[in-house]
Amino acid sequence: MKFGKQPAPVADINEDALVVHEPKKEAAGVKAVMVALERAVAQAGVSRTAKSLLRLNQRGGFDCPGCAWPESDKKRKAAEFCENGAKAVAEDSTLRTAGSEFWATHSIAELAGKTEYWLGNQGRLSEPVVVREGETHYSPISWADAFELVGQHLRASSPDRCVFYTSGRTANETAFMYQLFARALGTNNLPDCSNMCHESSGSALNPTIGIGKGTVSLEDIHDAELIFVVGQNPGTNHPRMLSALKECKDKGGKVVAVNPLPEAGLFNFRDPQTLSGVVGGGTPLSDEYLQIKVGGDLALFQALGHLLLEAEEQNPGAVVDHSFIAAQTDGFAAYREARRELDWEETGRATGLSRQQIEDVAGMLGRSKATIFCWALGVTQQPHSVDTIKEMINVLLLQGNFGKPGAGACPVRGHSNVQGDRTMGIWEKPQEWLLEALEKEFGIRSPRDHGHDAVETMEAFERNEVDVFVSMGGNFSLACSDTETLEAGMQRIGLTVHVSTKPNRSHVVHGRTSLILPTLGRTDKDDKHPRGAQFLSVEDSMSVVHSTQGRLQPVSEHLLAEPVIVARMAEATFGSGHPVDWKSMAEDYDVIRDHISRVLPGFDDFNARVRTKNGFVLPNPPRDTRSFKTDIGRGRFTVSPLEYLSPPEGHLVLQTMRSHDQYNTTFYGLDDRYRGISNGRRVILVHSEDLAELGFQDRDRVDVVSTFRGQDRRADSFRLVAYPTARGCAAAYFPEANALVHKENVARESNTPGFKAMFVRFVPHRDDDGELELP
Ligand SMILES: Nc1nc2c(c(=O)[nH]1)N[C@H]1C(S)=C(S)[C@@H](COP(=O)(O)OP(=O)(O)OC[C@H]3O[C@@H](n4cnc5c(=O)[nH]c(N)nc54)[C@H](O)[C@@H]3O)O[C@H]1N2
Ligand SMILES: Nc1nc2c(c(=O)[nH]1)N[C@H]1C(S)=C(S)[C@@H](COP(=O)(O)OP(=O)(O)OC[C@H]3O[C@@H](n4cnc5c(=O)[nH]c(N)nc54)[C@H](O)[C@@H]3O)O[C@H]1N2
Ligand SMILES: [Mo]
């Protein structure tokens, strides 16, 4: 293939090169565009960059692999992209490749000593490779032999000992085939990244509003009178959301940010696509900033509910939407009773906020006739996350903020198709109707027992209850909690199969036999089919389903499309005569969509509607008809006891978050620009007064110990950095700190790891000789 010279390889991270600057107070601007273009050109060259960035999020182009924030269907800007979307595209379209030479040069033991930054930057995987028990290096294998190996292992095992993980970049059609494969085999072991992400949102929303998704459209964001942005860092993780917030502000709306960290994107946004954003001062975004303590949101929303009810009592009819509550909901009386009294002292301890601050925000809520709560991982990854989100729903129900313009619940999803994967049936706890529909459509027998979620998968590894682990994208060993336990478990599995685009840590802490199967990415052309080029579809955070089609020449001729890989794994496992026609689906994705249209509600006429200009919106009862399809047919108020995180003496509460230069476990670079941290990642951000109280200084090198129910976990050699976070709270990067998350530290009901709920203490770092290291 004639792509010219490969970009130069990268050096690994040198933590001693850490540089710390003042955090920024504004996001985006021209700098963002410059950084994005520079990175893209370095990885992919000028012509591929031009081709890919111009097709990004355009009609007939491909869906940004960055995040799940929707595109506007009214006006798409010529360059509907953000800095981090462009970086995600550069990652995908890079000209670097990691082929047989790479795997022959580096032993697995050597690769296990590299950071994720180095591994991912080796480039796109370009041919299938295998390592068998006793071997030290991966070596090439033909596709046919690779599939045969998968088939042999799956046939030799029993279905309940096989696990099929999905990362949320997987498109709808692939996801549908993949869950069908698992169920045809006989298991619901379908853990996914959602288990570690917004599972708490689904667990709270299904019983309260009857749907596990958000209830707003992009227009609602524009039209809202008041938007809360809770536990979310949109300037980095959903940069296009800033344009939507700006539009809301331009129309007179107000924004309240709730976050222990003063994230730049919450304060000021310079839209790089408008002149004023380039030369002017930008738009101030948040009208109120509540610097809450980590884990304090349940207390905050209980207090807000209390104050709204109090205001209603003083001025009946002014705040509470009684007719909506009477007609559409259940449980209001019990909720009102539970929120009648409030312990302000305890609320202060839990939130770190003053009564005045909370009253001011309650006043804004009381005056707003159309409110949206947006939230993300700051509220989904704590023991009481499900209760927190239910409490947010209580406050929305109280004012009737469903099914009217500018109002609703907006869990801002992560991976670009994580919501679609769930719609397609990637779930370890499938509902009966889905299993029946699959049986009717395909003549298979679907298993009824619930399968393993992500944390249960790790526990099953530990108990030697897994023979085969198939991973459709993702990087499970670093994404989940308790890294050491997880990696030890993963190495006991008989066969691990990774369908991937880039080398990652999970490839080098593999099962006894391990396959890496390279696949096409979002930007790649998928045209090796009897009926020509095929396209796929995705669903965004606001339930809009639309097509996605890459246009770039793949970097290697040995890549297969994901639906083809699933079909061939299934054929190798089931042999001929299986009731499902895998081959037709792999050859023509319309066949998959026809099946989907008969199995899943809301997908009638899928093939025609996905070809329309803006795709189509899935049914959403709270949004469409103000109705709630819960078991009682009504929206449900709930009562939760107050809960927050109280660390033992000498400990802080540690949250983990993303830098501005990473995509989950993939690192684009080493510049967390808005927070002012660059070149190093093993840092812990701590308030300067907490540092002083604990007897440490800025830049001290420490080992970190987390404690959970008397059991410690440890991660060595981090730098403490004085940072204006909320008191009593600390922050570190995901995934460096995942080793500190005890496997049993999870959210109740959703079983999501407590990635933002660790109790940690610091001990001065000792080097290998036991010498105390001087900072
Ligand atoms: N560029 C880029 N984009 C991404 C991703 C990426 O890695 N890079 N990842 C994608 C994925 S999969 C997801 S799920 C999303 C994640 O999007 P986010 O949820 O924005 O991700 P995090 O970096 O985990 O940031 C969590 C925020 O919550 C705050 N927080 C922590 N604890 C608390 C708390 O107790 N209360 C409150 N109120 N706030 C708290 C943190 O300070 C931080 O600002 O982004 C998606 N988009
Ligand atoms: N401490 C801590 N841990 C966390 C979180 C946190 O906030 N804190 N967040 C959690 C969340 S929200 C999530 S979503 C998970 C993420 O967990 P995962 O989804 O498992 O992880 P990623 O890092 O997104 O996966 C990256 C890998 O996906 C592969 N890949 C990329 N694009 C494609 C593609 O198009 N096809 C295929 N087949 N493979 C592809 C590449 O090989 C790359 O190495 O992590 C969770 N873990
Ligand atoms: Mo996520």
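Counting convention: from 1, in listed order, for ligands and their atoms alike. Throughout, numbering of the chain's residues begins at 1 and tracks the sequence. Please read these numbers as outputs of a predicted model, since none were measured by experiment.
When only modelled atom types and interatomic distance are considered, Ser750 and Glu199 share no side-chain donor-acceptor pair under 3.5 Å.
When only interatomic distances are considered, the shortest N/O to N/O separation between Val258 and ligand 1 falls below 3.5 Å. Residue Arg675 places no N or O, backbone or side chain, under 3.5 Å from any N or O of ligand 1. For ligand 1, one of its N or O atoms has an N or O atom of Gly295 under 3.5 Å away.
Using a distance-only test at 3.5 Å, with no hydrogens or angles considered, a donor-acceptor pair links the side chain of Thr752 to the main chain of Asn195.
A cation-pi contact, defined as under 6.0 Å to the ring centre and within 45° of the axis, is absent between Arg568 and Phe147. The side-chain tip of Arg658 does not point at the ring of Tyr733 from less than 6.0 angstrom away and within 45° of straight on.
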Would Phe164 and Phe181 count as a ring pair (Phe, Tyr, Trp, His ring centres under 6.0 Å) if you check the C-alpha gap in whole Å, the side-chain angles of each, and the deciding distance to 0.1 Å? CA-CA 9 Å; Phe164 297 85; Phe181 176 34; 5.4 Å; yes
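Between Gln655 atom CD and Leu645 atom CG the span is 11.5 Å, to the nearest 0.5 Å. Rounded to the nearest 0.5 Å, atoms CD (Gln122) and NZ (Lys502) are 9.5 Å apart.
Each of the following atoms of ligand 1 lies closer than 4.0 Å to a heavy atom of Cys67: 47 (N). Taking every heavy atom of Val230 and a limit of under 4.0 angstrom, the matching atoms of ligand 1 come to 38 (N). Residue contact check: His238 has heavy atoms under 4.0 Å from atoms 15 (C), 17 (O), 45 (O), 46 (C) of ligand 1. Close contacts of ligand 1 with Glu263, meaning ligand atoms under 4.0 Å from a residue heavy atom, involve 42 (O), 43 (C), 44 (O). Close contacts of ligand 1 with Thr236, meaning ligand atoms under 4.0 Å from a residue heavy atom, involve 1 (N), 2 (C), 3 (N). For ligand 1, the atoms closer than 4.0 angstrom to any heavy atom of Leu261 are 42 (O). Those atoms of ligand 1 that come under 4.0 Å of a heavy atom in Ile292, given as number and element, are 36 (N), 37 (C), 38 (N). The distance from ligand 1 to the heavy atoms of Asn84 drops below 4.0 Å at these ligand atoms: 1 (N).
Heavy atoms of Asp297 approach ligand 1 to within less than 4.0 angstrom. Under a 4.0 angstrom heavy-atom cut-off, Gln382 registers as being in contact with ligand 1.
For ligand 2, the protein residues within 4.0 angstrom (heavy atoms only) are Tyr165, Ser167, Arg169, Cys193, Met196, Cys197, Leu377, Gln381, His415, Gly473, Gly474, Asn475, Ala479, Val499, Ser500, Thr501, Lys502, Asn504, Thr519, Glu562, Thr656, Arg658, Tyr663, Asn664, Thr665, Thr666, Phe734, Asn738, Phe755, Lys756.
Residue-level proximity to ligand 1 for Asn233 is carried by backbone and side chain together, each with a heavy atom below 4.0 angstrom.
Ring planes of Tyr663 and His415: tilted class, angle from 30 to 60°. Ring pair His660/Tyr674 is tilted by interplanar angle, where 30° to 60° counts as tilted.
Side-chain rings of Tyr138 and Phe102 stay apart, their centers remaining 6.0 Å or farther from each other.
Salt-bridge annotation for Glu643 and Arg748: present, with a side-chain N of the basic residue lying under 4.0 Å from a carboxylate O of the acidic one.
Legend: residues meeting side chain to side chain donor-acceptor pair (under 3.5 Å) with Ser706, ordered by chain and number and at least two apart, are absent.
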